[in-house]
There are 2 protein chains.
Amino acid sequence: MPSFYHEYERFYVSVDCVIFGFSGGNLKLLIQKRPYEPGLGEDSLIGGFIGKDESVNAAASRVLTYFTGLEDVYMQQLGVFGEVERDPGERVISVVFYALIDVRAYNENLSEKRNARWIDIDNLPRLCLDHNEMVEKAREALKSRINNEPIGSNLLPELFTLSQLQSLHESILGYPIDKRNFRRSVLSHGLIERTEKMDKESSRRGAALFKFAKETRKRGND
Amino acid sequence: MPSFYHEYERFYVSVDCVIFGFSGGNLKLLIQKRPYEPGLGEDSLIGGFIGKDESVNAAASRVLTYFTGLEDVYMQQLGVFGEVERDPGERVISVVFYALIDVRAYNENLSEKRNARWIDIDNLPRLCLDHNEMVEKAREALKSRINNEPIGSNLLPELFTLSQLQSLHESILGYPIDKRNFRRSVLSHGLIERTEKMDKESSRRGAALFKFAKETRKRGND
DNA sequence: TCAAAAGTGTTAATAGTACACCCATGA
DNA sequence: TCATGGGTGTACTATTAACACTTTTGA
């Protein structure tokens, strides 16, 4: 096979994943200790390099599964970070994804093994390189999606209360929502359905558990 | 300078630009004859390879200027196309942008020199590689932006009639819009201003010429 | 005089927003 | 009995959608 483009430069290409979770009423981010120099040990997004025979999306999925133990996760491309000096070690072009996972399904065992941990999105440490900027951009993307797509289904367990769903929306949007309006709105769209089950854990009275209607759990990274 | 990532693969990274224009009441796309093997001479998006000391965005701007003669053009990242086999020659990861330009400002001389031409967006030929898919995705991005951002300012000349603006919106959205509702809506947002000038070319009666209010002409690719 | 595009208002439906109290329960 | 979170309705406002005729003028 001849080399058609041999006069051009080749680049390291990485994937970085902004992995969102939701627990304890707060939006969380999964971060790791950076395993390479430069910046070894600094807080970092979950990432990795693209392999020779692997598509960009496949690399993102591989990295995500490696760090969470989960497959078929909701994942979207966010964009490319391609400044020349963004990595002081070598020139690396990074393709950024964001993913939404149910933290209850996350494999806790991996946390220690991978040197990863969940942190509160509103209390982010300084991350290495341009990773804070990536998180910021991912939050914006989430904000503009939450009202139009049922992405909450990927962050919540199968069954959830309306209060949990509201709290998730509030965490993403960053402002409080009126309870009655929220309930009416979310129910009128027909995306969620009430089940017979009740949650007795988070309140004395108990709250009805809801589930997302079929087909609203969108998966994959295409 | 040590090589931190030397164990990883490096890739050719290209930029491809979906360049939209608007003339004769139709949305247009600028294409070229592909200048490389494989697929030499096939219809192709405007593209090029990223240089060693050039950011990804800078590469896109360079390519755009080279093919249009224009600088400071409205440009947005669309995403990365990273399938392993997307280019049968070599593995190339492509970062795709879309740009909006005023075809009247386009340097016609470059058309022949660069082997480029404008074609009607609704009458696209088969493009090389996965370029048709890129155009499709760019059109979707345009559609979802046209109602929220004054991107029309980048496709129209400085002064334009409301009919032209409406026709642009219709071309992008793909369906007819009610004239009265459109006018009321677009005027109420205060993004455009009526000028004293009249257009006498496209109608007997003449139509008022409008311009976008300052600060609405967003430029650059960040 | 007529063809062709410019210009102009009203009404109905829908979606969104603001707002406050009672209920059921376990401790 | 009381503290806690669950659950409910109504009135107002803003936005969107549907719809048809008159005006101007050059050919």
Side-chain angles (χ1 to χ4, degrees), chain A residues 22-26 143-150 152 156-157 159-212, chain B residues 22-26 143-150 152 156-157 159-212:
Chain A
F22 182 68
S23 79
N26 290 303
K143 263 191 212 176
S144 68
R145 283 214 145 163
I146 187 69
N147 282 324
N148 307 313
E149 294 181 54
L156 292 170
L159 297 177
F160 52 88
T161 68
L162 287 183
S163 294
Q164 287 176 295
L165 183 60
Q166 179 175 346
S167 155
L168 169 62
H169 279 241
E170 289 173 333
S171 304
I172 289 175
L173 293 169
Y175 55 81
I177 307 173
D178 179 84
K179 188 165 40 159
R180 283 165 294 186
N181 291 341
F182 178 75
R183 285 169 182 240
R184 182 179 35 253
S185 152
V186 82
L187 288 171
S188 75
H189 287 120
L191 292 172
I192 64 170
E193 291 166 3
R194 185 172 183 150
T195 69
E196 295 304 306
K197 307 216 180 79
M198 296 286 279
D199 168 70
K200 306 291 287 181
E201 283 174 31
S202 55
S203 74
R204 316 224 153 133
R205 178 177 174 174
L209 285 165
F210 288 75
K211 63 177 181 183
F212 278 87
Chain B
F22 182 69
S23 80
N26 289 305
K143 262 189 211 175
S144 67
R145 283 217 144 160
I146 187 69
N147 282 324
N148 307 313
E149 294 181 54
L156 292 170
L159 297 177
F160 52 88
T161 67
L162 287 183
S163 294
Q164 287 175 295
L165 183 60
Q166 179 175 348
S167 155
L168 169 61
H169 279 241
E170 289 174 332
S171 303
I172 288 175
L173 292 170
Y175 54 80
I177 306 173
D178 178 84
K179 186 165 41 158
R180 284 165 292 185
N181 291 341
F182 178 76
R183 286 170 180 238
R184 182 178 33 252
S185 152
V186 83
L187 289 171
S188 73
H189 287 118
L191 292 171
I192 66 171
E193 291 166 4
R194 186 172 182 148
T195 69
E196 296 302 306
K197 308 216 178 80
M198 296 286 282
D199 169 71
K200 306 290 288 181
E201 283 173 30
S202 54
S203 73
R204 315 216 159 160
R205 178 178 174 174
L209 285 165
F210 288 76
K211 63 178 180 185
F212 278 87

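So you know, we letter chains A, B, ... as the sequences are listed, proteins then strands, and number each from 1.
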Spell out yes or no: do the side chain of A/Arg205 and the base of C/dA24 have one donor N/O and one acceptor N/O closer than 3.5 Å?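 There is none.
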Can a donor-acceptor pair under 3.5 Å be found between the side-chain atoms of A/Arg184 and the base atoms of C/dT17?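 Answer yes: a donor N or O sits under 3.5 Å from an acceptor.
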Among D/dG7, D/dC19, C/dT8, the nucleotide that comes nearest once only the side chain of B/Arg183 is considered: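 The nucleotide sitting nearest to the side chain is C/dT8.
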What nucleotide, of D/dC19, D/dG9, C/dA3, holds the atom closest to the side chain of B/Arg204?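 Within the option list, the nearest is C/dA3.
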Roughly, in whole Å, what's the span from [atom1] in [X] to [atom2] in [N]?
X        : N      : atom1 : atom2 : result
A/Asp178 : D/dG9  : CG    : P     : 14 Å
B/Asp199 : D/dT25 : CG    : P     : 14 Å
B/Arg194 : C/dT8  : CZ    : P     : 6 Å
A/Leu209 : D/dG7  : CG    : P     : 9 Å
A/Arg180 : C/dG16 : CZ    : C1'   : 14 Å
B/Glu201 : D/dT25 : CD    : C1'   : 16 Å
B/Phe182 : C/dT8  : CZ    : C1'   : 16 Å
B/Asn181 : D/dC19 : CG    : P     : 11 Å

Parallel, tilted or perpendicular, as decided by the 30° and 60° cut-offs, for the rings of B/Phe212 and B/Phe160: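 Aromatic pair B/Phe160/B/Phe212 classed tilted.
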Would you check if the side chain of A/Asn148 reaches a backbone N or O of A/Ser144 as a donor-acceptor pair within less than 3.5 Å?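 The answer is yes, because a donor-acceptor pair under 3.5 Å joins these two groups.
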Given 3.5 Å as the limit, does a donor-acceptor pair link the side chain of A/Ser171 with the main chain of A/Asn26, or not?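 Looks like no, no N/O pair under 3.5 Å.
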Taking any heavy-atom pair under 4.0 Å as a contact, classify B/Ser202: base, sugar-phosphate, or nothing.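 Result for B/Ser202 = sugar-phosphate.
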